[in-house]
Amino acid sequence: GIRTAIIDLDPDQLASALWHDDRKKLHPTKAEWPLVKAGVYTRLPQTIEELERAGTEFVFIDCPAFTSIVTEKAMEVCDLALVISGVTGGDLQYLEKTMDIAAIKQKPAAVVLNKVDPQIRETDQAIDYITKSGYALCPIYLSDLVACHRAVSAALGVTEYEPGGKATQEALSVLEWLSRLLYLSTDIDVEPVN
């Protein structure tokens, strides 16, 4: 129920923008929200202002993992930096750099583990590394579930694709956690997960 927008700043992938293009074609009645903009990092304040005028209450900025200037500009306008990471060494290698940018910009930041397989030792190793590094860690991780991949392919959110599924419960639990951090509505009814 929160009017959400995504600003996609990853010029190499534009995954969010391409997902939204598919959503408009496949589900025209659902295409209004979330709003998705393929943005330019030098115009972030103007883009956010434009989205707010359109009724947006919550903005996600999707940054490329390896471009520090884009991340720096996004940090300047954000209220909270969510650093999405997998659990392998390759996934974690850019974490320190991103968290350093958040510290320099004096922005609160937290790591959200994504595509997690709780059965592999890398999951525990990643959690140990993150906590020993002193980084805030979202208490809920997002599992590597088929429903997530299928929802993207269907140009839907996971809550639309499989409303009663585990992926939906995880997503809503992260939203509930995030809502409490940002003082948004906490009228979200979810079952506890992982």
Novice: Find the distance between CD1 (Ile61) and OG1 (Thr47) and round it off to the nearest 0.5 Å.
Specialist: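 The distance works out to 9.0 Å.
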Novice: Are Glu162 and Arg150 ion-paired here, with the side-chain N under 4.0 Å from a carboxylate O?
Specialist: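 Not counted as a salt bridge, because no side-chain N and carboxylate O are separated by less than 4.0 Å.
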Novice: Verify the cluster assignment for Ile120 and Val116: are they in a single hydrophobic cluster under the rule of side-chain heavy atoms below 4.5 Å apart?
Specialist: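 The answer is yes; both residues are in one hydrophobic cluster.
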Novice: Crowded around Glu96 CD? As in, over 12 foreign heavy atoms under 6.0 Å?
Specialist: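 12 or below, so no.
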Novice: With side chains defined as the heavy atoms from C-beta onward, is the minimum distance between Leu80 and Lys107 less than 4.5 Å?
Specialist: no
Novice: Go through it in stages, so that I can follow the logic: the residues are Glu50 and Arg53, the test is side-chain contact (heavy atoms from CB on, under 4.5 Å), and I'd like the CA-CA distance, side-chain angles, deciding distance and then a yes or no.
Specialist: CA-CA 5 Å; Glu50 178 183 313; Arg53 280 195 308 271; 4.0 Å; yes
Novice: With rounding to the nearest 0.5 angstrom, report the CG to OG distance, Leu137 to Ser85.
Specialist: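 Leu137 CG to Ser85 OG: 10.0 Å, rounded to 0.5 Å.
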Novice: For the backbone of Ser153 and the side chain of Asp22, can you confirm whether one donor and one acceptor N or O come within less than 3.5 Å of each other?
Specialist: no
Novice: Can you get from Ile127 to Met99 by hopping between Ile, Leu, Val, Met, Phe, Trp and Tyr side chains that sit under 4.5 Å apart?
Specialist: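 Yes; tracing contacts between hydrophobic side chains, which count when under 4.5 Å, links both residues.
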Novice: Does Val152 belong to the same Ile/Leu/Val/Met/Phe/Trp/Tyr cluster as Leu35, with side-chain heavy atoms less than 4.5 Å apart forming each link?
Specialist: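 No, separate clusters.
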Novice: Which atom names give the shortest non-hydrogen contact between Trp33 and Ala54, and what distance separates them?
Specialist: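 Nearest pair, atom of Trp33 first, then Ala54: CH2-O, 3.8 Å.
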Novice: Which heavy atom of Ala151 sits nearest a heavy atom of Trp19, and at what distance?
Specialist: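 Taking every non-hydrogen atom into account, O-NE1, 4.3 Å.
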Novice: How many angstroms lie between atom CD1 of Ile140 and atom CG of Leu172, to the nearest 0.5 angstrom?
Specialist: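 Those atoms lie 10.5 Å apart.
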Novice: Please check: side-chain N/O of Thr4 versus main-chain N/O of Pro34, any donor-acceptor pairing under 3.5 Å?
Specialist: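 Not confirmed, Thr4 side chain does not pair with Pro34 backbone.
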Novice: Considering only heavy atoms from C-beta outward, does the side chain of Ser133 approach that of Tyr129 to under 4.5 Å?
Specialist: yes
Novice: Nearest heavy-atom pair of Thr42 and Gln46: which atoms, and what distance?
Specialist: O-OE1, 4.2 Å
Novice: Same cluster or not: Phe60 versus Met75, using hydrophobic residues (I, L, V, M, F, W, Y) connected whenever any side-chain heavy atoms lie under 4.5 Å apart?
Specialist: no
Novice: Taking Ala167's backbone N and O only, do any of them form a donor-acceptor pair with Glu170's side chain (distance below 3.5 Å, no angle check)?
Specialist: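 Checking the backbone N and O of Ala167 against the side chain of Glu170, no donor-acceptor pair under 3.5 Å is found.
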Novice: Taking all non-hydrogen atoms of both residues into account, name the closest pair between Tyr161 and Ala147 and its distance.
Specialist: CD2-O, 3.9 Å
Novice: Are Leu44 and Leu9 close enough that some pair of their side-chain heavy atoms sits under 4.5 Å apart?
Specialist: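 Sidechains of Leu9 and Leu44: in contact.
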Novice: Look up atom CG in Leu113 and atom CG in Asp91, then write down how far apart they are to the nearest 0.5 Å.
Specialist: 9.5 Å
Novice: With side chains defined as the heavy atoms from C-beta onward, is the minimum distance between Glu160 and Arg23 less than 4.5 Å?
Specialist: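 With C-beta onward as the side chain, the pair touches.
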Novice: Less than 4.5 Å apart, any side-chain heavy atom of Val59 and any of Val77?
Specialist: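 Contact flag for Val59/Val77 side chains = no.
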Novice: Return the minimal non-hydrogen interatomic distance between Tyr41 and Val70, and the atom names on each side.
Specialist: CD2-CG2, 3.6 Å
Novice: Hey, which of Val112, Val111, Asp62, Thr98 is the one that makes side-chain contact (heavy atoms from CB on, under 4.5 Å) with Ile84?
Specialist: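 It is Val112, the one option of Val112, Val111, Asp62, Thr98 that forms the side-chain contact (heavy atoms from CB on, under 4.5 Å) with Ile84.
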Novice: Looking at Ala38, is its backbone amide N or carbonyl O close enough to the side chain of His20 to form a donor-acceptor pair, meaning the two atoms are under 3.5 Å apart?
Specialist: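 No: the side chain of His20 does not pair with the backbone of Ala38.
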Novice: Going from CD1 on Ile2 to OG1 on Thr56, what distance comes out if it is rounded to the nearest 0.5 angstrom?
Specialist: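 If I round to the nearest 0.5 Å, the distance is 12.0 Å.
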Novice: Would you sort out whether Leu51 and Ile7 count as a side-chain contact (heavy atoms from CB on, under 4.5 Å), showing the intermediate values?
Specialist: CA-CA 10 Å; Leu51 290 169; Ile7 302 173; 3.7 Å; yes
Novice: What closest approach, in Å, do Ser143 and Lys166 show between heavy atoms, and which atom pair accounts for it?
Specialist: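 Taking Ser143 first and Lys166 second, the nearest heavy atoms are OG-NZ, 3.7 Å.
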Novice: Counting C-beta onward and ignoring hydrogens, is there a side-chain heavy-atom pair between Val87 and Tyr141 closer than 4.5 Å?
Specialist: no
Novice: If hydrophobic clusters are built from ILVMFWY residues whose side chains come within less than 4.5 Å, do Val40 and Val36 share one?
Specialist: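 No; tracing contacts between hydrophobic side chains, which count when under 4.5 Å, never links both residues.
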Novice: Do the side chains of Tyr135 and Val83 get nearer than 4.5 Å, heavy atoms only?
Specialist: no
Novice: Does Glu57 use its side chain to pair, donor to acceptor, with the backbone of Arg3 at less than 3.5 Å?
Specialist: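 Present.
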Novice: Could you check whether any side-chain heavy atom of Val174 comes within less than 4.5 Å of a side-chain heavy atom of Leu82, counting everything from C-beta outward?
Specialist: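 Not in contact.
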Novice: Out of curiosity, Gln119 CD to Asp124 CG, how far, rounded to the nearest 0.5 Å?
Specialist: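 Gln119 atom CD to Asp124 atom CG measures 10.0 Å (nearest 0.5 Å).
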Novice: Please determine if Lys105 and Glu76 form a salt bridge, counting it only when a charged side-chain N lies under 4.0 Å from a carboxylate O.
Specialist: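 Salt bridge: yes.
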